[in-house]
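Everything on this sheet refers to the single structure shown next.
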Amino acid sequence: MLLEMKHLNIEFHNRTIPETVVHDLNLAIKEGEMIGIVGESGSGKTMTALAIAGLLPRHGMQKSGEIQFQNTDLLHCDRKKLRSIQGKDITMVFQEPMTSLNPVKKIGWQVEECLRVHTDLTKSERYQKAVTALADVELKEPEKIYHMYPHQLSGGMRQRVMIAAAIVSNPQLLIADEITTALDVTIQAQIVKLLKKINKLQNTAILFISHDLSLVGRICDRVIVMKDGYMVEEGPTDQIYLHAKEEYTKKLIAAIPKCEKIQL
Amino acid sequence: MKQFFKQNHKTDNSIRQMLRKRKSPMLITGIVMTSIVLLFVLIGLIVTPYDSEAMDATSKLAGVSWKHLMGCDNFGRDILSRVMKGSATTLFIAMGTVLIGIAFGIVIGAIAGYFGGLADEVLMRMNDAALAFPSILLALVLISLFGTGRYNIILALGIAFVPSFARIVRSEFIKQREMDYIRQAELIGVHPFRIMFVHMLPNSARVLVSSLLIGFNNAVLAEAGLSFLGIGVQPPDASLGRMLSEAQAYLFSRPGYALCVGGTLIFIVLGFSFLGEGISEDAKG
Ligand SMILES: Nc1ncnc2c1ncn2[C@@H]1O[C@H](COP(=O)(O)OP(=O)(O)O)[C@@H](O)[C@H]1O
Ligand SMILES: [Mg+2]
């Protein structure tokens, strides 16, 4: 197992009543696996992802359980250890391509930051890797894009840049949190295909989070359905689609527009 | 390919792009006025019409003439020469003050704003306590501790200015802390100090520049105030505040003295105000 999450509980204490947003969640990810989490918004998908990435807020919340990754408990290890894993072995791409890039830094600088922090590569080696990553995410003229600022790129291109920044260090796990939600339908399909390609190419495990069951169905081997912080159902993608056990999952499947043919 | 590179002015934040954009009239006025001031002071550092400390008994309180463009003071010293030197002193003190204020303000504000929690509580409560005093009063107390003289004034005013800068930086950092690009930097394991000073600080450059200019103005006025009260720059050094307090005695007999010195002070402050306003206006539109 690449990652094993056991009994994860996340509870917010910043309001008058404590609010539990993730209840007793168990999750295991194998090497090179593509696994999906679906659920309506507010169901705790992002919180789960942030917990794995070690990005939960430091204040006003309580977390319990464990997240084992390479014999380290990500939930309880010290920050120094966490920083050595973050960004190198586990990377993440966020939902909003418009705010995920630092507006005052060049694209190349941002893609390279991870290498600057985690490796001793020289400037030219970093440049090579960054340009290769930009080419891997199918951006045309990567050398030119390397020298551009975020505001010069469209949303779809920015999201590709974010993916490039996330794969430049050859991570073992890539978390993609609703990365297609802010994009046009045609670009969504391209990005999803790109993830599949990266998964095959580098054998990177991908945790694909979405509220769109049809997208998840297109690329994931296994699906987890979440609702109100609980895991409702879990299983191989085709089994979930064809023989869903839970009423909630059936409703989600029924909500997929009919004209869309699901390719498993 | 071309049509994909769309221009989005809302999100561009860098100083470089700001300079490329068309400038507002206020900004242009500010730039012109500040350039005049800087030129005036620079020339004064190299050469003044007369020695600013040379007394000439024959021209005590002389009026405006071709020989003395702003007249002479009660010791017969050329006022124009003294205004040139005095402006330089005032600007030097203001600059030192703002540099101290902003350097410590950035460090304190960044730590409080980025880390939040206990660090924020402790630093900001201390900050609030310091802010509760008017900064000129705080400076007065500090000067009574350090003694007078230009470097002590810089230190005292600088310390008194730290809290307001810290506040501005803190709120800027709190705004950015939740941004996805900062979370991204945290995610890839960038050290917190590198996040604060390499990832976040450049994004606050605009706000910092305009608050720096406002702070600069306040420092000019604070120095003038302290010297006016006689606890700032000591004679025979010239500073605008010192000269104003000297001119006070001749307000009715020789109003030109006070007018020349006061006018220069107003010109300096107005120039930097326009510059600061112009920059923040440019940032909005
Ligand atoms: N800072 C916060 N304070 C309190 N509750 C929060 C905070 N952030 C998120 N939540 C709550 O956590 C729950 C799960 O949110 P999230 O994981 O973002 O959902 P999803 O990504 O599935 O849309 C929501 O009900 C939300 O209200
Ligand atoms: Mg979410």
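Below, chains carry the letters A, B, ... as their sequence lines are ordered, and counting in each starts from 1.
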Validation row: B:P192, A:R79 side chains within 4.5 angstrom (heavy atoms): no
Largest heavy-atom contact set with chain B, pairs under 4.5 Å, which of A:L82, A:V93, A:I85, A:T99: A:T99
Any donor-acceptor pair under 3.5 Å from A:N102 side chain to B:Y181 backbone: no
Candidate pair B:D180 and A:Q95, rule side chain to side chain contact (heavy atoms under 4.5 Å, CB included), full reasoning: CA-CA 9 Å; B:D180 283 341; A:Q95 173 169 354; 5.7 Å; no
Side-chain donor/acceptor of B:H191 to backbone N/O of A:V117, under 3.5 Å: no
Atom NZ of A:K193: over 12 foreign heavy atoms under 6.0 Å: no
Least distance between heavy atoms, B:I188 atom then A:C114 atom: CD1-N, 3.7 Å
Heavy-atom contact with chain A under 4.5 Å, split by part of B:R194: side chain
A:M92 side chain reached by B:Q184 side chain, heavy atoms, under 4.5 Å: no
Contact class of A:L101 relative to chain B, heavy atoms under 4.5 angstrom: backbone
A:L50 vs B:R183, side chain to side chain contact (heavy atoms under 4.5 Å, CB included): CA-CA, chis, key distance, verdict: CA-CA 10 Å; A:L50 293 181; B:R183 283 209 272 174; 3.3 Å; yes
Under 4.5 Å from any heavy atom of chain B - which part of A:K88: neither
Heavy-atom check, side chain of B:E186 versus side chain of A:Q86, under 4.5 Å: no
Passing candidate, side-chain contact (heavy atoms from CB on, under 4.5 Å) with B:H199, options A:E113, A:K105, A:Q110: A:E113
Among A:G87, A:A166, A:S84, residue most engaged with chain B (heavy-atom pairs, under 4.5 Å): A:G87
